[in-house]
Amino acid sequence: MQLKVTFNVNKPVSLPLGHHAAIQGMIYNLLGRSSDYSDFLHDIGYRNGAHSFKLFVYSTLMGPHTINNGRIIFDSNIRLEIRSPKSEFCNILLDTLQNVSTVKLHHQQLFISECSFSKKSISTDSVNIRMLSPLTLSTTYYEEDKKKTHYISPSEPGFGEALQKNTANKYKAAYNEDLNNNISLEITSLTDEDRYVTKFNNRIYINGWNGTYKLSAAPEVLSFLYDSGLGSRNSQGFGMFEPF
């Protein structure tokens with residue numbers, strides 16, 4: 001299930017290039033206006049043993065913009081897409097968006113001009129996709145007793161196994177069912193320019209990749225990934241894709 005929101009601005013909106021956390025904060029604020037659901041997501045989430053997932057994903061901000069001194073500046077309509085496989089999430093967010101006229105993003109006011117709700121299912125067992133927000137997956141390891149994070153490139157041999165494990169854990173958390181289908185991601189276009197590095201909330205560096213891919217799995221799994229996001233850190237604004 002997906003929500004597409006268009007915002008108007010009455011003066012230019014200036015944001016850091018890495019503004020994933022600002023969008024996430026706006027979403028939690030919208031959820032919290034009508035329910036304590038945002039507290040549940042933030043503090044608990046949908047669990048599968050030690051794994052916890054928020055089960056929503058969002059795009060980067062879209063619309064005419066300029067970039068200057070490390071900031072992105074929007075002076076016209078701004079579009080944002082938000083998805084989740086959980087109807088409760090979508091219903092609460094839609095209800096709030098239909099009953100408020102403005103939101104705050106990074107301490108700046110946006111005016112809601114349009115909001116649409118739809119549900120999309122993928123009926124084939126493979127789709128060509130492009131990333132609307134970067135794809136990221138990571139593993140952790142210890143070096144001299146210090147915990148380190150390694151972000152796995154889609155071109156690395158271990159990426160497929162990590163994606164399978166991540167999807168299985170996420171699917172189990174969403175539906176309390178084991179995932180009995182294999183997932184395959186084949187690169188169709190990936191260049192050095194597709195690598196994306198940002199500092200989330202001024203605390204942690206995250207590496208991700210844009211590009212285009214062929215994603216294969218059972219149709220119901222592809223539909224789930226379309227709504228929940230591909231890879232990890234979906235609720236931080238990573239892993240939204242669009243078939244083409």
Inset, instruction - Might you confirm whether atom CZ of Phe111 has over 12 heavy atoms from other residues, nucleotides or ligands at distances under 6.0 Å? - result: yes
Inset, instruction - Give a yes or no on whether Lys119 atom NZ has more than 12 heavy-atom contacts from other residues, nucleotides or ligands under 6.0 Å away. - result: no
Inset, instruction - For ring-ring contact (aromatic ring centres under 6.0 Å, His included), just list the numbers for Tyr175 and Phe224, CA-CA rounded to whole Å, side-chain angles, deciding distance to a tenth of an Å, and then say yes or no. - result: CA-CA 10 Å; Tyr175 303 124; Phe224 169 71; 5.5 Å; yes
Inset, instruction - Flag yes if more than 12 heavy atoms outside Asn99 fall under 6.0 Å of its CG atom; otherwise flag no. - result: yes
Inset, instruction - Determine the interplanar angle of the His51 and Phe53 rings, folded into 0 to 90°, and report it as parallel if under 30°, tilted if 30 to 60°, perpendicular if over 60°. - result: parallel
Legend entry - With Thr212, the side chain to side chain donor-acceptor pair (under 3.5 Å) member among Thr188, Asp194, Asn128: Thr188
Legend entry - Heavy atoms from other residues, nucleotides or ligands near NE2 of His150 exceed 12 (cutoff 6.0 Å): yes
Legend entry - Atom CD of Glu220: over 12 foreign heavy atoms under 6.0 Å: yes
Inset, instruction - Mind telling me whether Phe200 and His20 have parallel, tilted or perpendicular rings, with 30° and 60° as the class edges? - result: tilted
Inset, instruction - Measure the acute angle between the ring planes of Phe40 and Tyr46, then classify it against the limits of 30° and 60° as parallel, tilted or perpendicular. - result: perpendicular
Legend entry - Leu55 reachable from Leu41 in the ILVMFWY side-chain graph, under 4.5 Å edges: yes
Inset, instruction - Take atom NZ of Lys165 as the centre, draw a 6.0 Å sphere, and report whether it contains more than 12 heavy atoms from other residues, nucleotides or ligands. - result: no
Inset, instruction - Report the C-alpha separation of Asn29 and Lys104 in whole Å, then their side-chain angles, then the decisive distance to 0.1 Å, and conclude whether the side-chain contact (heavy atoms from CB on, under 4.5 Å) test is met. - result: CA-CA 9 Å; Asn29 184 55; Lys104 285 289 183 70; 5.8 Å; no
Legend entry - Residue pair Ile152 / Ala162: nearest heavy atoms and the distance that separates them: CD1-CB, 3.8 Å
Legend entry - Greater than 12 external heavy atoms within 6.0 Å of Lys86's NZ: yes
Legend entry - Transitive ILVMFWY side-chain link Tyr28 to Val100, under 4.5 Å: yes
Legend entry - pair Leu80-Met26: side-chain heavy atoms closer than 4.5 Å: yes
Legend entry - Exceeds 12 heavy-atom contacts within 6.0 angstrom, atom CZ of Phe244: yes
Inset, instruction - Flag the pair Phe241 / Tyr213 as yes when their ring centroid distance falls below 6.0 Å, and as no otherwise. - result: no
Inset, instruction - Could you go through the side-chain contact (heavy atoms from CB on, under 4.5 Å) check for Val221 and Leu225 one step at a time? - result: CA-CA 6 Å; Val221 177; Leu225 289 172; 4.3 Å; yes
Inset, instruction - List the atom of Gly229, the atom of Val57, and the distance in Å for their closest heavy-atom pair. - result: N-CG1, 3.9 Å
